[in-house]
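Below is one structure, written out as structure tokens; comments come after it.
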Amino acid sequence: MPKATKNNAMHWFRRGLRLHDNPALVATLEQSPTQVYPVYVLDGDSYEVFRCSPLRATFLVECLQDLDARLRDLGSRLYVLEGDPVTTLPEKWKEWDISHISWETDETGEPYATARDETVLQKAHDANIRVLQECSETLYPLNAYVKKAGKKGVPATMTGFQKLFDSMPPMHKVLPAPTKEDFPDIKTSKNENTNTTMKNLKDKYLPPKKPTDLPWPRNTPRDQVECVWNANDCKNLTPVVHGGETLALKALKESLAKPNWVAAFEKPKTDPTSIKPATTALSPYLSWGCLSPRQVWVALDEALEKATVSPSKPPVSLHGQLLWRDFNNLMAHDANNETPACWNHIEGNKYCRNIPWDDDPKALEAWKTGRTGFPWIDACMRQLAQEGWMHHLGRHAVACFLTRGDLWQSWEEGAKHFEAQLLDADYALNGFNWLWLSCSGFFYQYFRCYSPVGFQKKNDPSGKYIRKFVPELKNLPDKYIYEPWEAPASVLEKAGVKLGETYPRPIIDGDHKDVSKDNMSRMKAAYDAHKAEQAVASSSKTKKQRTSE
DNA sequence: CACACGTTGGCTAG
DNA sequence: CTAGCCAACGTGTG
């Protein structure tokens, strides 16, 4: 029998945990491979798993289970490997006689993924394996924005980004999910070897069943892992959404079922104290890639066609939310392009002002655990722990409180906690929003400060949101639900609240008004110092230019 | 150099 | 419910 040219494909899922609009997967199938191995590598050191709460772990497990089920519907399956992709993948290339591999490009410059992909690329080259990479994490490839922006560089304001976006050519069309016919049919395959291999793998490399099946980071001592938990911590959690492409597509359909709601959507006007999310809550699906942003974009277009009210516009509209996402990704890409690995750090981040934050582990811990003594802040933080989600404006309030507003703690610490806890934790978006809220970058009006007391009284005067997530306060009368320390002793007693025992007194020294005023002058000083630094830098630059002339 | 503007502040007066 | 002030940021445009 003549030896056929080998043509075995591997598609490596990382983010992009979906079949629809997956150009890298399609590119692999277009090679008409004899066999296809869709793989996912469980990697404790990856950005997604390194800091991973039980809720995030559960979500990932659900995504992988769903992906496997959807592939099985097409006569294929998912192979879940474990360990460092840099060594695990090459082992399987050899074992499975792979000739080409595909994956969705990570363009954000997230340091772990960037180094990992460079190594895998090199090893594939050495092993004579063809690599097919496609961009589908954003509406346009980030590189396409960079090219279009040209010499003057990418815009660092949303207005500028919107102009750039409007100048882009038509968007790449949404690719449908592959069908059964796109996958090789094992049953009719005449290749004996392939059939035997597939049979031998039948009970191997199955997706994880529970969150505790996920690996811990390989190179970090257990006590230094950011988020340590066990099976017990997985009980009684109520995730805002469950993982997987199937549920993602269903949620998308349901979100857009009311065209007039879509058209009228204005993000700042949605209610953070709603018990059921007042927004679409599609962000976890976009973050893990269960949903394609282009798919959402097109679905929004279709919904708007059916609307009878005039549509809101970016940046507050639903389309606008996708623009923010691309903009944030572009900023991360640009920051990391110049000084690698800086985006979720202060050090070396060209978009971040260095503000001399305090370091108070007790304050940080109180914030993380929802025990600051400010019921609205604590309710938000406890919703995060309970559901893996909180409304965008809640995130604003707690981020402001932790940093420039009250506690004066570094946004890096807040960002790490969000990365561990949020189902939608996203490298680019999380970094951008912490820069914004702490007034370290992109937003500078530090005199606009959220009140941890009054901010949501307008939406929720009776404090039903607080009563749900901070149940030890649930019997307080409306008048004191946002500020229990103002309540007379008799009222507290009647509600069963003992301040300092059943619920903390406010963590800050004095009134929020006074503390935030003081912090504003600290911001002013930090900004002045920054200005002075800039002046020195630019004058030394001018000098250099003169000397070189 | 002046001025408008910036996804989503708080507060008070009317 | 709205307007205007608070004290006053940086960026982009003319």
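Since this is a predicted model, take the numbers as computed values, not measurements. Numbers restart at 1 for each chain; the letters A, B, ... are given by sequence-line order, proteins then strands.
- Rounded to whole Å, the separation between the P atoms of dT7(B) and dG4(C) comes to 22 Å.
- Heavy-atom distances under 4.0 Å link DNA chain B to Ser451(A), Phe455(A) of residues 451-461 of chain A, given in residue order.
- Applying the side-chain hydrogen bond (donor to acceptor under 3.5 Å, both in side chains) rule to Trp434(A) yields the partners Asn430(A); only residues at least two apart in sequence or on another chain are considered.
- The aromatic ring of Phe447(A) does not sit over the base of dC6(C); the criterion of centres under 5.5 Å apart with planes under 30° is not met.
- Side-chain atoms of Glu107(A) and His333(A) include no donor-acceptor pair closer than 3.5 Å.
- When the C1' atom is compared between dG12(C) and dT8(B), the two are found 22 Å apart, to the nearest whole Å.
- Aromatic rings of Trp297(A) and Phe165(A) (six-membered ring for Trp) have centroids within the 6.0 Å cut-off, being under it.
- Between the side chains of Gln409(A) and Glu413(A), no donor-acceptor pair of N or O atoms lies under 3.5 Å.
- In this structure, Arg448(A) does not reach the dA7(C) phosphate: none of its side-chain N or O atoms is under 4.0 Å from OP1 or OP2.
- When base pairs are accepted only as Watson-Crick or G-U wobble with both N-N or N-O distances under 3.5 Å, DNA chain B takes part in stems of 3 or more pairs at B:1-6 with C:9-14, B:9-14 with C:1-6.
- If you check residues 385-395 of chain A against DNA chain B, the residues with a heavy atom closer than 4.0 Å are His392(A), Leu393(A), listed by number.
- With rounding to whole Å, Phe443(A) atom CZ is found 10 Å from dT7(B) atom P.
- Every pair tested for side-chain hydrogen bond (donor to acceptor under 3.5 Å, both in side chains) that includes a residue from residues 162-176 of chain A fails, sequence neighbours excluded, so the list is empty.
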Under 3.5 Å, which donor-acceptor pairs do the side chains of residues 484-491 of chain A form with other protein atoms, sequence neighbours left out?
none

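- Remark: Phe59(A) pairs with Tyr285(A), Trp288(A) by the ring pair (Phe, Tyr, Trp, His ring centres under 6.0 Å) rule, at least two apart or across chains.
- Residues from residues 158-167 of chain A placing a heavy atom under 4.0 Å of any atom in DNA chain B, listed by number, are Met158(A), Thr159(A).
- Within residues 307-320 of chain A, the residues that place at least one heavy atom under 4.0 Å from DNA chain B are, in residue-number order, Pro315(A), Val316(A).
- One finds no side-chain N or O of Lys524(A) lying less than 4.0 angstrom from the OP1 or OP2 phosphate oxygen of dA8(C).
- Taking only side-chain atoms of Trp324(A), from C-beta outward, the nucleotide of dT8(B), dT7(B), dG10(C) with the closest atom is dT7(B).
- Contacts of Tyr446(A) classified as ring pair (Phe, Tyr, Trp, His ring centres under 6.0 Å), with partners at least two apart in sequence or in another chain: Tyr527(A).
- Side-chain contact, Thr372(A) with Asp378(A): a donor N or O sits under 3.5 Å from an acceptor N or O.
- At a non-hydrogen distance threshold of 4.0 Å, Lys267(A), Pro268(A) from residues 255-269 of chain A come into contact with DNA chain B.
- Phe469(A) meets the ring pair (Phe, Tyr, Trp, His ring centres under 6.0 Å) test with Tyr465(A); sequence neighbours excluded.
- Side chain to side chain, Thr270(A) and His391(A) meet the donor-acceptor criterion of an N or O pair below 3.5 Å.
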